[in-house]
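This is a predicted model, so every value here is computed, not measured.
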Amino acid sequence: MADLSSSSFPVSSSFPVSYWSRAATVADARAVHELVATCERELLGRPETERDRIAADLGLPGLDPAVDTLLVYDATGRLVGRAWVHGGRRSAVDVHPGHHGRGLGGALLDWAETRARQAGSERLSQTVWDSDRAAVELLRSHGYEPFVTQWQLEIRMPAEPVVPAPPPGITLRCFRPGDERAAYRLTEDAFDEWQKRRKPYEEWARHTVELDTFAPALSPLAFASDQMVGAVLSLNVPDTDEGYVERVAVRKDHRNQGIARMLLQASFRAFYRRGRRTCTLWTHSETGALSLYQRVGMTVRSSSAVYGKALGGE
């Protein structure tokens with residue numbers, strides 16, 4: 001296979017047309033988002049990834065676009081594929097539906113593994129939709145196995161949600177400037193129980209409070225005295241009729257008091273009052289939170305899995 005880090009691409013002489021590649025820059029976020037949205041629309045009937053999340057990925061601390069990203073173009077100059085590797089551990093690959101079956105997915109996956117090895121990683125993971133059978137088969141054929149299931153849940157709100165009264169000693173208010181570090185500590189402390197790596201603040205903030213779509217007024221917080229003990233961080237995504245909950249966390253010593261339910265209902269109500277009649281969020285098998293969301297009336301809309309592979313020598 002040719003060197004995918006070069007500007008010369010094809011990867012395979014079997015392609016009906018020539019392809020070429022280059023590294024991405026932050027300025028490519030819009031074009032990459034259009035590619036990802038096209039892939040999701042073909043697969044799911046709707047785009048799911050927000051544009052500012054793509055920009056956040058390209059600007060992640062520790063990601064060097066010059067060596068950790070690859071964009072693939074066809075002979076007309078149209079972006080038809082992309083891949084990135086972050087920290088040598090996580091990767092993403094997308095190929096335009098009109099260019100499936102030409103070896104692009106396998107070539108980009110090979111590039112991602114090579115880049116991960118160069119970064120010194122012993123393992124690489126990638127998330128794919130369960131309904132994307134071609135991607136699942138490609139990963140399995142390359143030695144990947146699923147190790148985490150993820151669920152996208154939704155709740156439909158024909159009437160305004162009712163917010164339960166706070167438990168004794170708990171107060172409720174919306175997110176304010178200055179809450180960022182406390183929310184970071186709370187959510188990362190809660191997620192430490194299952195996540196493989198604690199995110200530094202800069203990486204966490206990039207995908208939460210620094211997103212253009214972060215909505216403080218839709219993000220309720222719970223306090224015991226002056227200590228933050230619960231948080232729901234929400235996004236107000238334009239061009240959609242749905243609300244989106246990005247993070248849910250309750251401090252371990254304040255669980256089983258109904259705080260998570262109260263915060264979720266408060267966020268749902270805030271979205272409802274802004275005309276949203278559906279809210280969604282993601283959870284996965286290691287959090288143990290699926291039953292909580294089902295108890296507040298959420299149902300599974302779609303699912304994906306995280307696949308991993310141990311990387312041997314080249």
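Atom CZ of residue Arg247 and atom CZ of residue Phe214 lie 11.0 Å apart, to the nearest 0.5 angstrom. One distance of note links OG of Ser121 with CG of Leu311; it measures 5.5 Å at 0.5 Å rounding. Here the straight-line distance linking atom CG of Leu264 with atom OG of Ser234 works out to 8.5 Å at 0.5 Å rounding. The CG atom of Leu281 lies 11.0 Å from the CG atom of Leu235; values are rounded to the nearest 0.5 Å. With rounding to the nearest 0.5 angstrom, the CG atom of Leu44 is 6.0 Å from the OG atom of Ser302. Here the CZ atom belonging to Arg251 is positioned 11.0 Å from the CE atom belonging to Met228, to the nearest 0.5 angstrom.
Using a 4.0 Å cut-off between a side-chain N of Lys or Arg and a carboxylate O of Asp or Glu, Arg46 and Glu40 do not qualify as a salt bridge. Taking 4.0 Å as the cut-off between side-chain N and carboxylate O, Arg22 and Asp28 count as a salt-bridged pair. We find that Asp241 and Arg276 are not joined by a salt bridge, their nearest charged nitrogen and carboxylate oxygen being 4.0 Å or further apart. Contact check on Arg30 versus Glu34 returns a salt bridge, with a Lys/Arg side-chain nitrogen under 4.0 Å from an Asp/Glu carboxylate oxygen. Ion pairing of Arg140 with Glu137 is absent here, as no side-chain N (NZ or NE/NH1/NH2) approaches a carboxylate O to less than 4.0 Å.
Aromatic ring centres of Tyr244 and Phe271 lie farther apart than the 6.0 Å criterion allows.
The number of heavy-atom neighbours closer than 6.0 Å to CD of Glu202, taken from other residues, nucleotides and ligands shown, is above 12. Annotation for Arg277: atom CZ counts as buried by contact number, over 12 foreign heavy atoms lying within 6.0 Å. Atom CG of Asp253 has more than 12 heavy atoms from other residues, nucleotides or ligands within 6.0 Å. Remark: Arg301 CZ is packed, more than 12 non-hydrogen atoms of other residues, nucleotides or ligands lying under 6.0 Å away. Annotation: Asp212, atom CG; neighbour count of heavy atoms from other residues, nucleotides and ligands within 6.0 Å does not exceed 12.
Taking 4.5 Å as the limit, every side-chain heavy atom of Thr25 sits out of range of all side-chain heavy atoms of Leu58. Val85 places a side-chain heavy atom less than 4.5 Å from the side chain of Trp111. Phe191 has its side chain out of reach of Arg198: every pair of non-hydrogen atoms, C-beta onward, lies at least 4.5 Å apart. Between His100 and Glu42 the shortest side-chain heavy-atom distance does not fall below 4.5 Å. Phe268 places none of its side-chain heavy atoms less than 4.5 Å from the side chain of Val163. Ile170 is listed as a side-chain neighbour of Met262, based on a closest heavy-atom distance under 4.5 Å. Put simply, the side chain of Leu172 reaches to within 4.5 Å of the side chain of Leu263, judged on heavy atoms. Taking 4.5 Å as the limit, every side-chain heavy atom of Arg51 sits out of range of all side-chain heavy atoms of Ile54.
No donor-acceptor contact under 3.5 angstrom links the side chains of Asn236 and Thr213, judged on distance only. A donor-acceptor contact closer than 3.5 angstrom is absent between the side chains of Thr278 and Glu242.
Connectivity analysis of hydrophobic side chains (ILVMFWY, heavy atoms under 4.5 Å, direct or indirect) links Val148 to Phe147, Val306. When hydrophobic side chains of Ile, Leu, Val, Met, Phe, Trp and Tyr are connected at separations under 4.5 Å, Trp84 ends up clustered with Leu60, Leu63.
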Query raised in the report: Please walk me through it: do Val245 and Trp282 pass side chain to side chain contact (heavy atoms under 4.5 Å, CB included)?
Result: CA-CA 8 Å; Val245 172; Trp282 280 92; over 6 Å; no
Query raised in the report: Can you list the steps and then say if Thr208 with Glu246 is a side chain to side chain donor-acceptor pair (under 3.5 Å)?
Result: CA-CA 7 Å; Thr208 51; Glu246 172 63 27; over 6 Å; no
Report task. Would you please test Arg82 and Thr69 for side chain to side chain contact (heavy atoms under 4.5 Å, CB included) and show each step? Result -> CA-CA 7 Å; Arg82 68 105 183 204; Thr69 69; over 6 Å; no
Report task. Quick one: do Arg173 and Leu221 satisfy side chain to side chain contact (heavy atoms under 4.5 Å, CB included)? Show the steps, please. Result -> CA-CA 5 Å; Arg173 69 164 170 83; Leu221 307 175; 4.0 Å; yes
Requested in this report: May I have the step-by-step check of side chain to side chain donor-acceptor pair (under 3.5 Å) for His207 and Asp57, ending in yes or no?
Outcome: CA-CA 8 Å; His207 282 93; Asp57 286 342; 2.7 Å; yes
Report task. Output, in order, the C-alpha distance, side-chain angles, deciding distance and verdict of side chain to side chain contact (heavy atoms under 4.5 Å, CB included) for Arg78 and Tyr73. Result -> CA-CA 5 Å; Arg78 182 184 189 183; Tyr73 296 83; 5.8 Å; no
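Aromatic ring pairs are classed by plane angle as parallel below 30°, tilted from 30° to 60° and perpendicular above 60°; the pair His96 and His99 is perpendicular.
Hydrophobic clustering of Ile, Leu, Val, Met, Phe, Trp and Tyr side chains at less than 4.5 Å, counting indirect connections, unites Trp204 with Phe175. Under the 4.5 Å side-chain heavy-atom criterion for Ile, Leu, Val, Met, Phe, Trp and Tyr, Phe223 and Leu186 are members of the same hydrophobic cluster.
In this structure, the side chain of Thr287 engages the main chain of Ala289 through a donor-acceptor pair within 3.5 Å.
Among the candidates Glu145, His142, Gln126, Glu113, the single residue satisfying the side chain to side chain donor-acceptor pair (under 3.5 Å) test with Lys309 is Glu113.
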